[in-house]
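Just so it is clear, the values below take in all heavy atoms, side chains as well, and ignore hydrogens, waters and symmetry mates. All values reported here derive from a predicted model rather than from experimental measurement.
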Amino acid sequence: MKGLELAEKYFNTYGRPMLSEQFHEIADQAAAGLVGYGSECLGFDDEISGDHDYGPSFCIWLPREIYMQYGKKLQAAYDALPKEFMGVSGRVEEEQGKGRVGALCLEDFYQGILGRDSAPETESQWLAISEPALCTAVNGQVFTDPLGRFTQIRKALLSYYPEAVWRKKLAQSLAKAAQAGQYNYSRAMKRGERIAAELALTEFVQEAMQIVYLLNKKYAPFYKWMHRGLRELSVCGEVGDMLSLLYQIPDPAAAWEGAGPGDFLYQLNTGDGRVVIIEAVCNVLVQTLNDMGLSRGQDNFLQSHVGEILGNYVI
């Protein structure tokens, strides 16, 4: 059973009765659900995930003024709930995983993830928050929120970046992907700098995935889950499989033997299968930019589309 489903069943079985029977005076001010850190909050948990910070659990978020008065009592009641549920053993927490579930201060929850206790309003405020942090703040599921304060912040975050911020981030990732994958990877391979080439390839993969998330207007998760998350996206979802092929190419070093300083400046070294796949990925991204009306250009070099995407927006 997935962690989110387990958490909701656990809350409905024990959490709701606890709130209504032991804390009826504040039950209408408590939001509950499972949101935050952990693969289960993304819905990506599997049989490997159960070794730590996993098990029957949920969060109860209280506004600070209510939390100050009832937080300790509510946590004590939460701790007294049955540890095992539906055949799943109790949550075993690592030190860094403590404080993610149970009674939580609503404002502190968002402050701890975003560095602020409300949704950002200005461009600089949006840009100051990492994308994995935004993903962490809006993942999971809210089971109940009669007061609506927790959900109000969540909805503001889910409305996604303002247009100017979105375009700036998209332009930046396009430029980085072009620089790393379409330019520096080949140059490093010509020099025999294999570590530099692998770093360039890694940066290209990460930025290509970032572009896909941006085109879907979804916050990208922590790097460990970026590729897994591509399966859930409707726009350019095939890029995930294409990127996987990059790591199935046999050692391409032989394709660069004897390459001189002036070789492969204006044409591709198609003897390196990675180069072919990189260009195929870029072609999918360019065609999607065209289809979405973000760029009219056909140049496969991603950097060429930055200016049109920015338009009157300045980085």
If you look at every heavy atom in [X] and [Y], which pair is closest and at what distance?
X: Leu114; Y: Leu157; answer: CD1-CD1, 3.8 Å
X: Pro146; Y: Gln29; answer: CG-N, 4.4 Å
X: Pro221; Y: Leu42; answer: CB-CD1, 4.2 Å
X: Gly3; Y: Leu34; answer: O-CD2, 4.2 Å

Is there a path from [X] to [Y] through hydrophobic residues (I, L, V, M, F, W, Y) whose side chains come within less than 4.5 Å of each other?
X: Leu310; Y: Leu302; result: yes
X: Ile309; Y: Tyr160; result: yes
X: Phe23; Y: Leu147; result: no
X: Leu174; Y: Phe301; result: no
X: Val276; Y: Tyr185; result: no

Sequence neighbours excluded, which residues qualify as ring-ring contact (aromatic ring centres under 6.0 Å, His included) partners of [X]?
X: Tyr67; value: none
X: Phe264; value: Trp256
X: Tyr110; value: Phe150

Kindly indicate whether the side chain of Leu6, heavy atoms from C-beta on, has any atom under 4.5 Å from the side chain of Glu40.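 SC-SC contact between Leu6 and Glu40 ruled out.
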Run the side chain to side chain donor-acceptor pair (under 3.5 Å) test against [X] and tell me which residues pass, sequence neighbours left out.
X: Ser186; value: none
X: Arg194; value: Asp251
X: Gln287; value: Gln298

Is there a donor-acceptor contact under 3.5 Å linking the side chains of [X] and [Y]?
X: Asp299; Y: Ser304; result: yes
X: Ser173; Y: Gln210; result: no
X: Gln182; Y: Glu279; result: yes

Who pairs with [X] by salt bridge (Lys or Arg N to Asp or Glu O under 4.0 Å), at least two apart in sequence or on another chain?
X: Glu203; result: none
X: Lys169; result: Glu131
X: Arg149; result: Glu65, Glu107
X: Asp117; result: none

Please identify which of these residues, Tyr219, Trp166, Tyr213, meets the ring-ring contact (aromatic ring centres under 6.0 Å, His included) condition with Tyr161.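 One option only clears the test, and that one is Tyr219.
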Considering only NZ, NE, NH1 and NH2 on the basic side and carboxylate oxygens on the acidic side, decide whether Glu308 and Arg296 come within less than 4.0 Å.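 Arg296 and Glu308: salt-bridged.
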Could you identify which residues cluster with Ile195, counting Ile, Leu, Val, Met, Phe, Trp and Tyr as linked when any side-chain heavy atoms lie under 4.5 Å apart, either directly or through a chain of such contacts?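 Other cluster members: Leu199.
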Determine all donor-acceptor pairs shorter than 3.5 Å in which one atom belongs to a side chain in residues 237-247; sequence neighbours excluded.
| residue | atom | partner | partner atom | Å |
| --- | --- | --- | --- | --- |
| Ser244 | OG | His227 | NE2 | 3.1 |
| Ser244 | OG | Gly240 | O | 3.1 |

Please check if the distance between the ring centroids of Phe58 and Phe143 is under 6.0 Å.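 No, ring centres 6.0 Å or more apart.
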Quick one, Leu134 with Trp126, criterion side-chain contact (heavy atoms from CB on, under 4.5 Å). Give me CA distance, side-chain angles, the key distance, then yes/no. CA-CA 9 Å; Leu134 288 164; Trp126 276 104; 4.1 Å; yes
Are Glu123 and Lys168 close enough, and set up right, to give a salt bridge (charged side-chain N to carboxylate O under 4.0 Å, His left out), and what steps lead you there? CA-CA 10 Å; Glu123 281 189 36; Lys168 290 175 183 179; 2.4 Å; yes
